[in-house]
*Asks:* 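To start, I am sharing the structure in question, which I have written as structure tokens.
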Amino acid sequence: MIRFLLFLVLISNQALGQTSDQHAIESIKRNGGLVLPSPGGDNQWEVQFQLRGRNLSDAGLADIAKLKNIIELNLRDTKITSDGLIHLKELNKLTRLHLERTNVDDKGIAYLKDLTKLQYLNLYKTRITDKALEHLTELKNLRQLYIWQTDVTDIGIAYLKKRLPSLTIIKGIDLSTVIPIKKKEPKPEHDLKWLPNGGNEKPPEKSVTGEFTIIRFINKRNKAVKLFWIDYSGKPKFYGMINSESERRQNTYEDAVWMITNEQEMPLGYFVTGRDFARAIIPK
Amino acid sequence: MFSLKHTRRNFLRSSVGLAGLTLPTFFKAQAVSTPKRRKAKACIVIYTWGGMSHYESFDPKPEAPVDIRGEFKSINTATPGIQFSEHIPLLAKHSNKLAIVRSVHHSNGAHSGAVYLNLTGHQPEGQIKAKGRKNWPSITSVISHFHRPLAGIPNAIRMPYSMYDNGRQMAGESAGWLGAKHDPILMRTPAGEPYGGVNRYDDPALNLKLNIDRQRISERLNLLEQLDHSLGQRLGNSTAYEKLDHYRQMAADMLLGSPVREAYDLEKEDHRIRNMYGNHIGGQSLLLARRLVEAGVPVVQAVCSAGDLAGGGGDNWDTHRNHFPKMKNRLLPVFDRAVSALLTDLEMRGMLDETLVVFLTDFGRTPKVNANGGRDHHPGVYSLAFAGGGISGGQVYGASDKKGIEPSSGDCTPADIHATVFKAMGINPNAELHDQLDRPYRICDGKPLPIV
């Protein structure tokens with residue numbers, strides 16, 4: 001009940017004062033914009049064009065500016081130019097303004113000089129130069145300014161910093177200094193040692209779990225062989241046949257013991273895996 | 001699983017309380033409960049699957065005996081008094097953006113329970129299954145419930161793999177009782193050298209084929225709509241049908257040119273930016289995360305590790321063997337480069353103050369290095385970190401003791417970490433959500449850490 005009453009009160013408030021706002025909001029929506037109530041306070045708005053409203057042009061900006069209580073405005077990636085920014089002059093409650101990735105240049109920034117509530121101004125990848133910064137010197141509340149990928153120089157930055165000491169200017173990195181990671185040459189595949197059954201060098205009694213690796217078993221015999229994995233308790237586990245002159249790609253782990261037998265399951269020899277990918281050649 | 005008793009008690013308490021309020025005090029209460037603070041608009045969850053060692057990352061112990069402090073040295077960061085491990089030198093330069101938490105702890109020594117706890121903020125009860133609808137929802141699902149995207153944009157995306165341990169898929173990555181609509185969509189990062197090790201590809205992942213011609217998609221959709229019409233009549237409004245329809249519509253929206261499709265095409269990114277993140281699926285995933293956030297996706301999770309632990313093999317943080325070479329050569333360089341690139345990129349685009357980045361992992365690693373040169377599971381204390389989204393950087397919350405065994409101050413739990421995330425995202429940690437049967441659950445039992 002209380003909620004319902006509250007709702008009625010809100011509705012009637014809206015109906016009384018804000019028909020002109022409603023027109024502006026409808027126009028914003030027609031242009032693909034999004035109007036959100038700002039958490040900052042009653043009847044304050046956040047307006048976004050960067051997702052669905054990228055076709056917004058200077059003409060559309062005139063309609064937006066009729067909504068006076070815009071606190072945040074995002075025009076990223078839209079088709080606006082400096083000429084359109086004249087309409088923003090009236091939006092003197094703006095605290096955050098996104099103009100990044102538009103064709104805005106120094107001329108347009110002049111229209112922002114009286115938006116003294118601005119705290120955040122994003123101008124990255126616009127056409128501004130040091131000249132634009134001269135228009136920002138009176139924005140005493142400005143705390144964050146973004147100028148990556150513009151022609152603003154260190155001289156301009158120093159100039160503005162001197163006048164607005166509490167401003168942070170984010171210049172970004174120079175992309176020409178990014179060093180790509182060197183591609184590692186693939187290590188040449190080495191061959192696992194063949195330990196013939198009954199030979200001098202004995203394989204371990206069982207496998208131990210370790211890093212993942214891949215082994216290519218290549219059968220050079222003129223007969224098929226059987227492949228067994230010696231498990232963690234020392235028992236052989238059959239994995240498959242490898243025909244004469246053919247190969248099998250096997251996922252395994254380092255320190256695994258693999259046994260090769262003839263078709264009658266008489267052991268012929270063993271391989272012990274290492275960490276690296278390797279070939280295991282079953283000799284003639 | 002759901003604590004009816006608890007919620008009912010809360011419910012009774014609050015409704016009795018409400019009855020005693022007069023209208024003016026009700027208004028006052030309302031005014032107090034709507035904070036004027038700015039909130040983050042998007043969240044990127046970076047999950048180091050397997051359990052990242054706190055010693056070799058954010059909480060080195062240079063004073064401890066060598067069998068505990070390990071092989072690595074510690075280095076100074078950009079913030080006086082904060083030291084990191086020597087193998088995250090790039091991240092050390094970003095310490096002014098990071099709030100490190102060195103005192104998280106819990107008691108789940110197994111991956112399954114630890115992942116569930118760190119992703120949902122709730123203790124696992126009984127048998128938890130990856131696709132269980134009784135599970136608590138993942139933090140990504142809860143965030144997207146409160147931060148709804150525009151139509152045609154997914155609620156939440158996770159990439160590049162699901163987490164598996166020896167073939168068993170972990171619970172905690174899905175929406176659980178919030179319902180399939182809120183499941184984050186698994187997306188395969190379309191570029192970058194994959195992590196070494198086993199990755200399971202049997203989970204349905206979304207690959208946006210970028211070369212399908214739109215005319216053909218439209219034609220197929222028309223056909224589908226005709227089919228749907230008759231099918232819909234036959235099936236009525238069954239939930240299964242609705243669910244199917246939801247995904248089909250979303251997939252179609254994405255294919256037919258939502259900003260998400262554009263974001264997915266990493267070829268459109270400046271090659272130097274791609275190089276900055278590193279040509280590795282870890283780096284490219286975080287680049288994709290930034291692009292998705294730009295495209296309006298409210299929450300993205302990137303798993304920084306191979307999909308399957310499979311007994312300790314491959315590139316994951318479950319370093320029971322060869323801990324030091326693996327950390328130094330395979331894991332930390334990717335993590336260091338990719339995460340640093342993300343922070344740089346978000347900052348210079350002016351996105352960092354509205355994008356919360358949170359680092360999660362299973363648990364820390366044991367103080368003593370074992371006989372295989374590894375460190376085992378250690379939920380007794382571990383480190384996590386936050387950046388952006390209104391978090392004050394250049395600070396450390398809490399501490400572990402001299403040997404890194406347990407918290408010595410500011411001890412906190414995964415639930416507190418979740419409460420902190422919710423607060424930064426403008427979500428009341430005590431908010432209630434309802435499951436498919438309309439039963440109420442309080443989303444979080446933790447308290448926000450004083451770092452927001």
Side-chain angles (χ1 to χ4, degrees), chain A residues 2-3 5-6 9 34 36 38-42 46 48 50-52 54 72 76-77 95-96 98 100-101 119-125 143-149 168 170-184 208-213 232 251-255 275 277, chain B residues 18 21 23 26-27 30 34-39 41 149-153 193 196-198 258-259 270-280 283 294-296 306 308 310-316 320-322 325-326 330 333-334 337 341 344-345 347-354 372 426:
Chain A
I2 291 172
R3 288 213 171 170
L5 283 176
L6 190 67
V9 171
L34 204 64
L36 305 164
S38 163
D42 296 333
E46 180 184 339
Q48 300 183 1
Q50 79 278 19
L51 294 177
R52 290 280 158 84
R54 294 183 191 172
E72 300 187 31
R76 187 183 82 206
D77 290 326
T95 61
R96 281 174 81 93
H98 288 265
E100 69 268 26
R101 305 199 311 224
Q119 295 168 13
Y120 172 109
L121 179 58
N122 199 331
L123 298 172
Y124 106 72
K125 216 172 179 179
R143 294 292 176 272
Q144 291 152 279
L145 175 66
Y146 298 87
I147 53 151
W148 181 51
Q149 294 188 325
T168 305
I170 290 104
K171 195 185 160 199
I173 61 159
D174 177 358
L175 287 180
S176 66
T177 62
V178 172
I179 303 161
I181 301 173
K182 266 196 201 148
K183 270 205 173 164
K184 279 175 214 135
V208 187
T209 180
E211 302 290 311
F212 175 82
T213 187
Y232 302 126
N251 290 356
T252 180
Y253 297 89
E254 69 176 308
D255 298 337
R275 188 178 300 182
F277 292 5
Chain B
L18 194 61
L21 283 181
L23 203 54
F26 176 74
F27 280 127
Q30 283 273 327
T34 47
K36 294 205 168 183
R37 205 179 49 76
R38 288 191 54 73
K39 60 183 182 187
K41 286 182 174 152
L150 292 182
I153 293 176
E193 174 203 335
V198 184
S258 91
D270 187 321
H271 71 279
R272 294 168 302 177
I273 293 282
R274 296 189 64 178
N275 285 337
M276 179 172 79
Y277 281 86
N279 184 26
H280 185 283
E294 251 179 337
D308 197 325
D315 292 341
N316 59 66
H320 293 285
R321 290 168 61 98
N322 305 318
K326 210 166 154 181
R330 302 285 310 180
V334 174
R337 182 160 184 138
T344 302
D345 205 14
E347 186 189 37
M348 63 193 185
R349 285 171 206 273
M351 296 168 69
L352 189 63
D353 67 336
E354 289 190 331
N372 293 322

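Computed from a predicted structure; not experimentally measured. By convention in this document, chain letters (A, B, ...) are assigned in the order of the sequence lines, proteins followed by strands, and residues within each chain are numbered from 1.
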*Asks:* What distance do B:E354 atom CD and A:Y120 atom OH have between them, rounded to the nearest 0.5 Å?
*Replies:* 6.5 Å
*Asks:* Measuring from atom CD of B:E347 to atom CD1 of A:I170, what distance do you get when rounded to the nearest 0.5 angstrom?
*Replies:* 5.5 Å
*Asks:* Go through it in stages, so that I can follow the logic: the residues are A:D255 and B:R321, the test is side-chain contact (heavy atoms from CB on, under 4.5 Å), and I'd like the CA-CA distance, side-chain angles, deciding distance and then a yes or no.
*Replies:* CA-CA 12 Å; A:D255 298 337; B:R321 290 168 61 98; 3.3 Å; yes
*Asks:* Evaluate whether atom CG of A:L36 has more than 12 neighbouring non-hydrogen atoms of other residues, nucleotides or ligands under 6.0 angstrom away.
*Replies:*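 For A:L36, atom CG is crowded (more than 12 foreign heavy atoms under 6.0 Å).
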*Asks:* Highest number of heavy-atom pairs under 4.5 Å with chain B: which of A:Q48, A:E46, A:K125?
*Replies:*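 The answer is A:E46.
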*Asks:* For chain A, find which of B:N372, B:N322, B:T344, B:D345 contributes the most heavy-atom pairs closer than 4.5 angstrom.
*Replies:*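 The option with the most such pairs is B:N322.
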*Asks:* Roughly how far apart are A:I181 CD1 and B:E193 CD, rounded to 0.5 Å?
*Replies:* 8.5 Å
*Asks:* Using a strict threshold of under 4.0 Å (side-chain N to carboxylate O), is an ion pair present between B:D353 and A:R96?
*Replies:*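 The answer is yes: the pair qualifies as a salt bridge.
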*Asks:* Not counting sequence neighbours, which residues clear salt bridge (Lys or Arg N to Asp or Glu O under 4.0 Å) with A:R52? List them please.
*Replies:*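 Here no residue qualifies.
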*Asks:* Can you name the side-chain contact (heavy atoms from CB on, under 4.5 Å) partners of A:K171, sequence neighbours left out?
*Replies:*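 In terms of side-chain contact (heavy atoms from CB on, under 4.5 Å), with neighbours along the sequence ignored, A:K171 is linked to A:I147, A:D154, A:I157.
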*Asks:* One pair to check against side-chain contact (heavy atoms from CB on, under 4.5 Å): B:M351 and A:E100. What are the steps and the verdict?
*Replies:* CA-CA 11 Å; B:M351 296 168 69; A:E100 69 268 26; over 6 Å; no
*Asks:* Please give me the minimum heavy-atom distance between B:M348 and A:Y146, naming the atom from each residue.
*Replies:*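 Closest approach of B:M348 to A:Y146, heavy atoms only: O-CD2, 4.0 Å.
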*Asks:* Could you grab the distance from atom NZ of B:K326 to atom CZ of A:R275, nearest 0.5 Å is fine?
*Replies:* 8.5 Å
*Asks:* Of all the heavy-atom pairs spanning B:R272 and A:V178, show the shortest one and how long it is.
*Replies:* O-CG1, 3.6 Å
*Asks:* Between B:R274 and chain A, which part of the residue has a heavy atom less than 4.5 Å away: side chain, backbone, both or neither?
*Replies:*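 Nothing of B:R274, per the 4.5 Å heavy-atom cut-off to chain A.
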*Asks:* Could you state the interatomic distance from CG (B:L352) to CD (A:Q144), rounded to the nearest 0.5 Å?
*Replies:* 9.5 Å
